[in-house]
Structure formats: structure tokens, C-alpha cells
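Only one structure is covered here, and it is reproduced in the block below.
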Protein chains: 2
Amino acid sequence: MPTATSDDDRDPDLVAVHEGTDVAGGLTRPVGLDRDRILRGAVDYIDAHGLAALTMRRLGASLGVEAMALYRYVPGREDLLDGVVERVIETLFVKDDGDDLYIEEHNGWQDYLMRLGHGIRRIALAHPSVFPLIASRPPAAPWVRPPLRSLRLVESFLGTLTEAGFSDQAAIAAYRAYSSFLLGHLLLEVTQLGAQVSLLDQPEGDPEAQRKTDLTQFPNLQRTEHLLSLDKSAAEFEDALENLLDRLERVLREAQSSDGEVDDLA
Amino acid sequence: MPTATSDDDRDPDLVAVHEGTDVAGGLTRPVGLDRDRILRGAVDYIDAHGLAALTMRRLGASLGVEAMALYRYVPGREDLLDGVVERVIETLFVKDDGDDLYIEEHNGWQDYLMRLGHGIRRIALAHPSVFPLIASRPPAAPWVRPPLRSLRLVESFLGTLTEAGFSDQAAIAAYRAYSSFLLGHLLLEVTQLGAQVSLLDQPEGDPEAQRKTDLTQFPNLQRTEHLLSLDKSAAEFEDALENLLDRLERVLREAQSSDGEVDDLA
DNA sequence: GCCCCTGCGTTTACGGCGTAAACAATCCCG
DNA sequence: CGGGATTGTTTACGCCGTAAACGCAGGGGC
């Protein structure tokens, strides 16, 4: 039972990614460089070969250009990575094709938080190798908490909640709880995604001696190994998100019934 | 109000780190290399200069040795980083001086999860620059979820919960929920820690023009900026941990009252 | 028509990185 | 005392990010 998925119903956040290289010109590579082309190329390259494989020279080559050409449009590698993060996060705001995930037309704050959560999760699953970057790049301001990395996003978050009756303190407590939840769940989900594939492309070593880690001294692990390797990420995400929303709703109602006290997210 | 801490009571997980370089010999650097010395040196170096600054050459220099000498004891840089993670995590099991955090003598599973959570949090706060490594290094097995990175730890987790009456499925659901919670909270906590210092050691640029990000188009951010920059990490950690434990207890009781059904972590 | 300026990509070069391989020095044990 | 084993150093290679100088085409003013 390798690489098992839990249920038969498909994961709605797991959408096919196509957006191949543009066919605007018609010739193989007619147009010149430009910052947006570079960032797009970087995202594609990371998706294809992993974050560690991205170097200026290789990115240049993948765009048909020498490494130094990139420096006309990007100050350096670090800024390039910041640009990649920004670009990927801003995908949230484009009202795409199908899109029940467009966060700016929502019905109430719960619906908003659901859309936002699934929107970020969709990004994480579409670009699993980029997500650790989203999680770990030093934020612009100390209160910009990954994975909600744009001022615009935080503003919209706080606006939605305060409009719905949350006090400032409660909205911010909710912001912190929500970002922690998203970061933990999604980072672990993409980590496990990466672990699955990285185990497959490591067929080296003698296949006899160490074909399995020795679990004899770990009886609980041994007994539950088949359960541990099940992937229930989608259901767990949903459950934890609903639990968080319930908790926030409780806070909101308590604060509304007896306002005048200090809010405290319990 | 820069760098504000929430309360007056001190954070119990925030302990002073001293353990300076050993004074075993008496001369400046009498003894030779050895894997453990190298790993200790690496942790110290990362704590002092950050993860990105750690190179084989510099680590060697900090140990009074050429870079290539390290390769007698460590296969390469990647394995060195794995060793650093392993070493830091195993700090959990040493029964130190004061230590109400020793996880192996606990009273019930709730106490165990509290000890474990605070133990990991203590590690994160003691080595904030190492923690992202703990979070993001590819795990040995797909079901080893950061930040609980050792087989021994996962075994002890599952053993404690199943002994307490959790079914295998419930214990594993708890393991996943718990690791997500820890990872999200602690990674964000150390990220903010790093962000605070990294803003301070960037005094460059004209201090007049861009002394503050322009927030005029973000009214909610502007209004709540003072709240956003408050650090309530300790209280939030406690609240979220308690909430998780309540949730798990609910699951446990429901399963015990009407067992025979499928467990589902709600 | 010519000329030069300007924008864009290339070439070259430098120091630092991880690490393979050859080498030197010291120690230990017969 | 002598020779292998052990441990650290030296040298070297290819790749990295990037500074700086260099071609080179296109186009507007004369």
C-alpha cells in the first residue's frame, strides 16, 4: 500500500497546473527579457527542479540567456526569491476561470476564511517546492506572518473580521491563530509531498540490506505504520479549519454578549 | 513602543543559554576533533551567526581547524545539518538541571503533551536559527512530521496516547494535529524573533525617505499597528495548546462512550 | 546619410563555496 | 625502533553569485 490516498472524492484544492510557456510571438523565443518573464521562469523552474536547483546561471539558461542578463531586471538572487513569493501569493487575487476561491466576494467572515484557506492551500499544492520559501523568507514587517505575506491580504483579513463585529484585538488574535494554523498544516502537507517523491528517486544502495528502517524496537510505530502512511491531509485540513472557525465564532459571540471586557482568544 | 513583550511574568520556556566553550583542558584548544564537538560547534555557530553563514570553511575555522578536517567525521554538509537537527532534538531527552520538562515522567497524556510542547518550544526559543532547519529538512520517513523528528519521540507519543485509551487511529490523528500545531506556532514565533533583530541591524539607507512603510491605503493595518506588533506568543501558545488538548479529550471520551465506530477527529 | 547615444545581452574575472585526492605529521603497538 | 594507522593540511576542480568592461543593434538629430 504505497502512496495511498484516503478517499475516492477528489481534492478540490488540487487542480491541474498547465499555463505552459506563452505562445504570444509564434517563433521559438522572439521576445526579450522582462522582470515578469523572469519571475514566471523562476516559478516554473522551481516547480520542475526544486528550490535548491535554482541558480542564476541555470535560470538564465532556461530562459535562453546568460545569467548576467537577469541582473538588468532583478537586483540579485535574494530579491528574485522575494519576487517569486510575491508573485505566487498574488495569484490569490486573480479571478480565474472557475473559481469559487475568489476571496473578494464572500458571504460573511466564515466564508471568507474558508475561501482564503483553500486559496492558499491551492497555491501550496500547485507549487509545493515554492511553499517552503513562502513560509521561511524573512517578512517585510514583523507582523506580516507567513503564509499571508502581502499587506493587501492582511488588510483584507482584518477588514473583513472587524466589519463582521470582531474587535481589533479579537481580529488580530484571529489573524495570528489563523496564520499559525495555515502555516503548520500546509507546510507539513507539502513536506510530506516532497518526502514521497524524494524517496522514490533514491533507488540507490543495496536494496537488500536497508530496504526498510528497523522498527523492531518501536512497537507502536510498527503496529501503526500502515495508518501513519495514509494521507488524510484534505480531511484533516477541513476539520482543523472548521474547528478554528468554531472557536473564533465562540469568541465573537462571547464578546458581543458581554462587551466591555478585554478580549482574549481562549 | 518597539519590541514590546506582553506581560511582566517571564516566559518559562525562555531559558538562558550559556554552555560556553568547554574549559575541560585548560589550554586554549588542546583536544582533537570528534563528531560531537563538530555538531556542538555547528549549533553554536548557527546560534551566533545564523544558518546562512554556516559554511564548512568557517565552521572549521571556528573549531581551529581546516575545513577538510571535518570530513573525517561528517560525510558532507547535508549530513552535518541532519546531525545538527538530531542533536538539538535529542536535547529533549536529557534530564537536565531543573527540569519539569522531562517528558518521560508524566502524569497522564495531557501532562505529557504539555511537557512535550513546552520542551520543543524551549528548544525553538533557545536556537531560533536552528528551528527552521528542524522544520524544513526532509524527514527520514514520510510519516516523521517536523518538528517531532525522531523515531523515539514519535514512538513515545503514540505509546503514551494508546496507553491512555486512544485507538490507533485517534492517536495518529492526534499526532498529526499536534505536530501541525507545534510547527505552525513555533515556526512563526522564531520567524518573528528573527524579523525583529533583522530589522534592527539594517540601519542603512536614508533614514528620512522610507522610515516607515506607507500604510495610508491600508486603514485597518494602520489602526491596529500597535496591536499587531505586540508579542503575545507565550499566551497564544498556551491557549492554542489547551484548546487542542480539549479537542483531543472530547474525541477520546466520545470514542470511549460509544466505541465500535470509526474514529474521526472532529 | 551619418553619427553617436542608449538600452540590452555577453564576456571576462574574482572570491567563496563544497569536496575529491594527495600529502604530511603524529601516535601507537609490536 | 620501525611501520602502519590515524588525523589534519594542501592543493585543485567545478560551480556559485555578481562586479565590470565590452559588443552591438536601433533610432533620433543633424
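This is a predicted model, so every value here is computed, not measured. Within every chain, numbering begins at 1; the chains are lettered A, B, ... in the order of the sequence lines, protein sequences first and strands thereafter. Computed over heavy atoms, backbone and side chain alike; hydrogens, waters and symmetry mates excluded.
- A cation-pi arrangement is present between B:R152 and B:F93 under the rule of less than 6.0 angstrom and at most 45 degrees off the ring axis.
- The aromatic rings of B:H185 and B:F237 sit perpendicular to each other, their planes meeting at more than 60°, with 30° as the lower class boundary.
- Aromatic rings of A:F181 and B:F181 (six-membered ring for Trp) have centroids beyond the 6.0 Å cut-off, not under it.
- Using a 4.5 Å cut-off on side-chain heavy atoms (C-beta onward), B:L116 and B:L148 make contact.
- Between B:R121 and B:E189 there is a salt bridge, with a side-chain nitrogen of the basic residue lying less than 4.0 Å from a carboxylate oxygen of the acidic one.
- Residue A:L186 holds its CG atom at 10.5 Å from CG of B:L183, rounded to the nearest 0.5 Å.
- We find that CG of B:L51 is positioned 15 Å from C1' of C:dC17, with the value rounded to whole Å.
- Annotation: side chain of A:Q222 is in contact with side chain of A:T216 (closest heavy-atom distance under 4.5 Å).
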Could you give the side-chain donor-acceptor pairs of residues 130-146 of chain A under 3.5 Å, partners two or more places apart or in another chain?
from, atom 1, to, atom 2, distance (Å)
A:S136, OG, A:P132, O, 2.7
A:R137, NH1, A:E78, O, 3.4
A:R137, NH1, A:D82, OD1, 3.2
A:R137, NH2, A:E78, OE1, 3.0
A:R145, NE, A:S179, OG, 2.8
A:R145, NH1, B:Q192, OE1, 3.1
A:R145, NH2, A:R176, O, 3.3
A:R145, NH2, A:S180, OG, 3.0

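- Within residues 79-86 of chain A, no residue has any heavy atom closer than 4.0 Å to DNA chain C.
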Treat primed atoms plus P, OP1 and OP2 as sugar-phosphate and everything else as base, then score nucleotides 9-24 of chain D 5' to 3': B for base contact with protein heavy atoms under 4.0 Å, S for sugar-phosphate contact only, - for none. BB-B---BBBBB----

